[in-house]
**Student:** 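Have a look at this one.
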There are 2 protein chains.
Amino acid sequence: MNTLSYGLLSMLSYAPFSGYDLMQKIQPFWPAKHSQIYPLLAQLERDGYIQHELVVQPDKPDKKVHSLTDLGREALSQWLSQPACPPVTRDELSLKIFCMNEGDPVDIQRLLEQRVEYCREKLVWFHAKSELFAHKRMDSSPGIVLLMRRALFSFQSELDWAEWALKELRGEG
Amino acid sequence: MNTLSYGLLSMLSYAPFSGYDLMQKIQPFWPAKHSQIYPLLAQLERDGYIQHELVVQPDKPDKKVHSLTDLGREALSQWLSQPACPPVTRDELSLKIFCMNEGDPVDIQRLLEQRVEYCREKLVWFHAKSELFAHKRMDSSPGIVLLMRRALFSFQSELDWAEWALKELRGEG
DNA sequence: ATTGCCATGTAAAAGGTTACATGATTCC
DNA sequence: GGAATCATGTAACCTTTTACATGGCAAT
């Protein structure tokens, strides 16, 4: 079973969800399109890790609500006990900065400004989310609290770097 | 042309390299195996972006040393002027932390300790590299300096987070 | 009216990993 | 003697993206 499959089981460890919900929820951790998720859900059901119930909705399309079976829960905890694969990041910006000598310095500055903006947006989003959890006492599990804080750490450090890099390029270093 | 192709052109903007060299050099920015790189190099040559020269080595296997053509250099600077795709990260650890309720807390602590170790190793490596550049006055281009610093920023923030998370789990928060 | 969200699926293409294949040299 | 490095390639497989396909409801 591949990592995305375990990812789907991970999401379902909280509550039953539709494929559509799962697709949205898994994005921050393991980006995937619906075309990849629906077939995997069918496979997970064939293999006995999940089951589904058809929920008829009057205003919206019917949906399949998937939930973990005992076998699925077992598979999850067994997977948790094994070491995690090293993270993989692919960022076009790195490559562009690497060969920035080849282009117009203004292009590189624009790229960095875009990255600054991107990080700021992410930070606003995560700050809003974590305030929701703090104030309104939402269903914040220990895992989500850890991941939230990591996102804040990592986007902040990327933002700091990008701003520093812009200063360097403008000769203010 | 895909991003890996531009990545290869980016590496070649510094100097001519063999496919084997390129495979190693591109790893930090855009992980790829040799089986993906060799066919792409052939294609880039067919399309006129690079050319190669056969270099015979007495002690080691012969190699093809690839270099940018004018067309390749043009393609690079045109690519630099366009916005970069958003970065993509896939980290199994995120998923495991997300559903950590399902498993033994000791498993999660072990995973975080492994991540701490991983970050420390990376930091040691990047610090060594950047000292090399600083002291021995190596061929440090502006791009490489920026990327080096980013690596230090990002691994440090991941390390800080993982150590904070371990404290939280041990109830020292 | 058109865009966007909800909801599910399949098919084709592109991107990426693992395995197969070869062979000399160097280091332990 | 066995593993690691250098060096290039192909084939099979798995993963991921893009495109095809459908259709109702809500909001601007």
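Convention: sequence-line order gives letters A, B, ...; per-chain numbering from 1. Note that this is a predicted model, so its numbers are computed, not measured.
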**Student:** Rounding to an integer number of Å, can you tell me how far B:Asp59 CG sits from C:dG23 P?
**Tutor:** 19 Å

**Student:** Looking at B:Arg90, I'd like to know whether one of its side-chain N or O atoms comes within less than 4.0 Å of OP1 or OP2 on D:dT15.
**Tutor:**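 No.
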
**Student:** Is a side-chain N or O of A:Glu102 found less than 3.5 angstrom from the main chain of B:Arg73, in a donor-acceptor match?
**Tutor:**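 No: the side chain of A:Glu102 does not pair with the backbone of B:Arg73.
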
**Student:** Measure from NZ or CZ of A:Arg149 to the centre of the six-membered ring of B:Trp161 and say whether it is under 6.0 Å with the direction within 45° of the ring axis.
**Tutor:**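 Checked: cation-pi criterion not met.
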
**Student:** B:Ile37 CD1 to C:dG15 C1': how many Å, rounded?
**Tutor:**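 Rounded to the whole Å, the gap is 13 Å.
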
**Student:** Write down the distance between NZ (A:Lys64) and P (C:dA7), rounded to a whole number of angstrom.
**Tutor:**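 The answer, rounded to whole Å, is 14 Å.
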
**Student:** Quickly work out the A:Lys60 NZ to C:dT8 P distance and round it to whole Å.
**Tutor:**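 Value for this atom pair: 11 Å.
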
**Student:** Between B:Gln57 and D:dA7, does any side-chain N or O lie under 4.0 Å from OP1 or OP2?
**Tutor:** yes

**Student:** In terms of side-chain heavy atoms of A:Tyr20, which of D:dT8, C:dT18, C:dT8 is nearest?
**Tutor:**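 It is C:dT8.
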
**Student:** Taking donor-acceptor contacts at under 3.5 Å, does the side chain of B:Ser35 reach the base of C:dT18?
**Tutor:** yes

**Student:** Starting at atom OH of A:Tyr38, determine the distance to atom C1' of D:dC20, rounded to an integer number of angstrom.
**Tutor:** 15 Å

**Student:** Can you tell me how far C1' of D:dT17 sits from NE2 of A:His34, to the nearest Å?
**Tutor:** 11 Å

**Student:** Taking the nucleotide of DNA chain D with the closest heavy atom to each, which residue, B:Asp21 or A:Thr3, is nearer the 5' end?
**Tutor:**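 Nearest nucleotide further toward 5': that of B:Asp21.
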
**Student:** Distance check: side-chain N/O of A:Gln36 vs OP1/OP2 of D:dT15, anything under 4.0 Å?
**Tutor:** no

**Student:** Give the cluster check for B:Trp125 versus B:Leu159: same hydrophobic cluster or not, with ILVMFWY residues linked at side-chain heavy-atom distances below 4.5 Å.
**Tutor:**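 Yes, B:Trp125 and B:Leu159 fall within the same hydrophobic cluster.
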
**Student:** Does D:dC6 have OP1 or OP2 under 4.0 Å away from a side-chain N or O of B:Gln24?
**Tutor:** yes

**Student:** Step by step, would you call A:Leu111 with A:Ile97 a side-chain contact (heavy atoms from CB on, under 4.5 Å)?
**Tutor:** CA-CA 9 Å; A:Leu111 292 173; A:Ile97 287 176; 5.9 Å; no

**Student:** Starting from the 5' end of DNA chain D, give me the residue, B:His66 or B:Val88, whose nearest nucleotide shows up first.
**Tutor:** B:His66

**Student:** Could you tell me the separation between the CG atom of A:Leu4 and the P atom of C:dG15, rounded to a whole number of Å?
**Tutor:** 20 Å

**Student:** Can you find a pair of side-chain heavy atoms, one from B:Cys99 and one from A:Leu80, that are under 4.5 Å apart?
**Tutor:**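 Side chain of B:Cys99 against side chain of A:Leu80, heavy atoms only: contact under 4.5 Å found.
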
**Student:** Measuring to OP1 and OP2 of C:dG16, would you say a side-chain N or O of B:Trp30 lies under 4.0 angstrom away?
**Tutor:**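 Affirmative; the distance criterion is met.
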
**Student:** Rounded to whole Å, how long is the line connecting atom CG of A:Asn2 with atom C1' of C:dG15?
**Tutor:**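 Rounded to whole Å, this separation is 16 Å.
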
**Student:** Just to confirm, is there a sub-4.0 Å distance from OP1 or OP2 of D:dA19 to any side-chain nitrogen or oxygen of A:Lys33?
**Tutor:** no

**Student:** May I ask you to say what A:Lys63 touches in the nucleic acid, namely base, sugar-phosphate or nothing, with a heavy-atom cut-off under 4.0 Å?
**Tutor:** sugar-phosphate

